[in-house]
Amino acid sequence: MVEEDPVKIGIASILCIVITLALYASPWKTVKEVKDQPANGNLLSSVTFVVSLLCCVMWTGYGVLISDRTVILINAMGSLAYVYYVFVIYSYCPSQQKPISTQLVYASVFLSCVCLYIFGFGKAEYRILNLGVISSLVNTIMFAAPLEKMVEVVRNKSTESMILNLAVMSLACAVAWSYYGYLINDNIVLIPNLIAGLFA
């Protein structure tokens with residue numbers, strides 16, 4: 001267990017916010033291209049955006065339970081960013097509407113079940129741990145979601161469907177949050193981000 005150093009934690013917190021904001025902004029150009037040329041939306045994986053939205057919502061809840069403003073702030077902002085991205089892809093790409101609708105229904109049902117379990121049936125003393133573990137699993141899935149496109153990249157021998165800056169920022173984000181989790185002695189933040197770094 002590391003002795004908490006408020007200065008290091010403050011610096012790591014700012015670093016996490018800046019890097020994570022860059023991660024959230026990294027698909028901006030691609031999503032803008034979808035608005036300009038909707039056919040480009042067929043190249044995107046809507047799973048990545050929907051799982052990222054679910055992940056941000058869950059981490060916001062975890063941040064509330066542990067009273068960590070950094071976790072709350074950045075994930076609330078991420079939730080808003082991914083709502084926008086999903087909305088644009090849904091609005092401008094008719095071929096993505098059915099998959100996104102289905103994914104959002106699954107995500108909503110999953111989130112409802114998690115909330116029911118955590119707040120309805122779960123013991124109060126285990127809420128933080130249970131939500132943290134579930135959020136960690138979703139976090140790992142979020143970072144693994146772009147791997148769905150790897151089959152296409154290998155098959156077509158083209159990285160056209162991959163968002164390179166998203167992959168780079170995902171790695172930087174995973175490293176920053178791993179360090180932050182280490183500094184605040186929170187394995188729920190540390191471990192899934194170490195795993196996410198491997199996927200990025």
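Start at 1 with the first residue, then count along the sequence.
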Trainee: Flag the pair Y182 / W177 as yes when their ring centroid distance falls below 6.0 Å, and as no otherwise.
Mentor: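 Centroid separation for Y182 and W177: 6.0 Å or greater.
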Trainee: Quick one: do V114 and L129 end up in the same hydrophobic cluster if we chain Ile, Leu, Val, Met, Phe, Trp and Tyr together by side-chain heavy atoms under 4.5 Å apart?
Mentor: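 Linked, V114 and L129 end up in one cluster.
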Trainee: Given side chains that start at C-beta, do those of I74 and C16 come closer than 4.5 Å, heavy atoms only?
Mentor: no
Trainee: I'd like to know if V64 and Y126 are part of one continuous hydrophobic network [Ile/Leu/Val/Met/Phe/Trp/Tyr, side-chain heavy atoms within less than 4.5 Å].
Mentor: no
Trainee: Would you say V31 ends up clustered with W28 if hydrophobic residues are merged whenever their side chains have heavy atoms under 4.5 Å apart, either directly or through other cluster members?
Mentor: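 Yes.
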Trainee: Hydrophobic cluster membership, with links at side-chain heavy-atom distances under 4.5 Å among I/L/V/M/F/W/Y: are I128 and F119 in one?
Mentor: yes
Trainee: Would you say that Q97 contacts Y92 through its side chain, given a criterion of any heavy-atom pair below 4.5 Å between the two side chains?
Mentor: no
Trainee: What is the minimum heavy-atom distance between P192 and N187, and which atoms define it?
Mentor: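 Result for this residue pair: CD-O, 3.7 Å.
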Trainee: Does any non-hydrogen side-chain atom of D5 lie less than 4.5 Å from one of L183?
Mentor: no
Trainee: Assigning hydrophobic clusters by single linkage (Ile, Leu, Val, Met, Phe, Trp, Tyr; side-chain heavy-atom cutoff under 4.5 Å), is V47 placed with Y106?
Mentor: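 Each belongs to a different hydrophobic cluster.
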Trainee: So does G132 get a backbone contact from the side chain of S135, meaning a donor-acceptor N/O pair under 3.5 Å?
Mentor: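 No; zero donor-acceptor contacts below 3.5 Å.
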Trainee: What's the verdict on side-chain contact (heavy atoms from CB on, under 4.5 Å) for I100 and I89, showing C-alpha distance, side-chain angles and the deciding distance?
Mentor: CA-CA 9 Å; I100 287 176; I89 295 167; 3.6 Å; yes
Trainee: Please examine the side chains of V189 and N193, heavy atoms only from C-beta on, and report whether any two atoms are closer than 4.5 Å.
Mentor: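 When only atoms from C-beta onward are counted, V189 and N193 do touch, with a gap below 4.5 Å.
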Trainee: Evaluate the side-chain proximity of S79 to T60: yes if any heavy-atom separation is below 4.5 Å, no if none is.
Mentor: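 Yes, their side chains come closer than 4.5 Å.
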Trainee: Between S13 and I9 (side chain of the first, backbone of the second, donor and acceptor by atom type, cut-off under 3.5 Å), is there such a pair?
Mentor: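 Flag not set: sc S13 to bb I9 has no pair under 3.5 Å.
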Trainee: Determine whether a donor-acceptor pair (N or O, by modelled atom type, separation under 3.5 Å) exists between the side chain of N75 and the backbone of V71.
Mentor: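 Present.
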Trainee: Mind checking whether E33 and K29 have side chains closer than 4.5 Å, heavy atoms only?
Mentor: yes
Trainee: Do L21 and M77 have side chains that approach each other closer than 4.5 Å (heavy atoms only, starting at C-beta)?
Mentor: yes
Trainee: For a quick test of reading the model, state the closest non-hydrogen atom pair linking N139 to A196 and the distance between them.
Mentor: ND2-CB, 4.3 Å
Trainee: Between Y117 and L131, is any pair of side-chain heavy atoms under 4.5 Å apart?
Mentor: no
Trainee: Taking atom CE of M58 and atom OG of S136, what is their separation to the nearest 0.5 Å?
Mentor: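 One finds 9.0 Å between CE of M58 and OG of S136.
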Trainee: Do Y24 and Y85 make the cut of ring centroids closer than 6.0 angstrom?
Mentor: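 Aromatic pair excluded; centres sit 6.0 Å or further apart.
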Trainee: Between S46 (side chain only) and Q96 (backbone N and O only), is there a donor and an acceptor less than 3.5 Å apart?
Mentor: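 Side chain of S46 to backbone of Q96: no pair is present.
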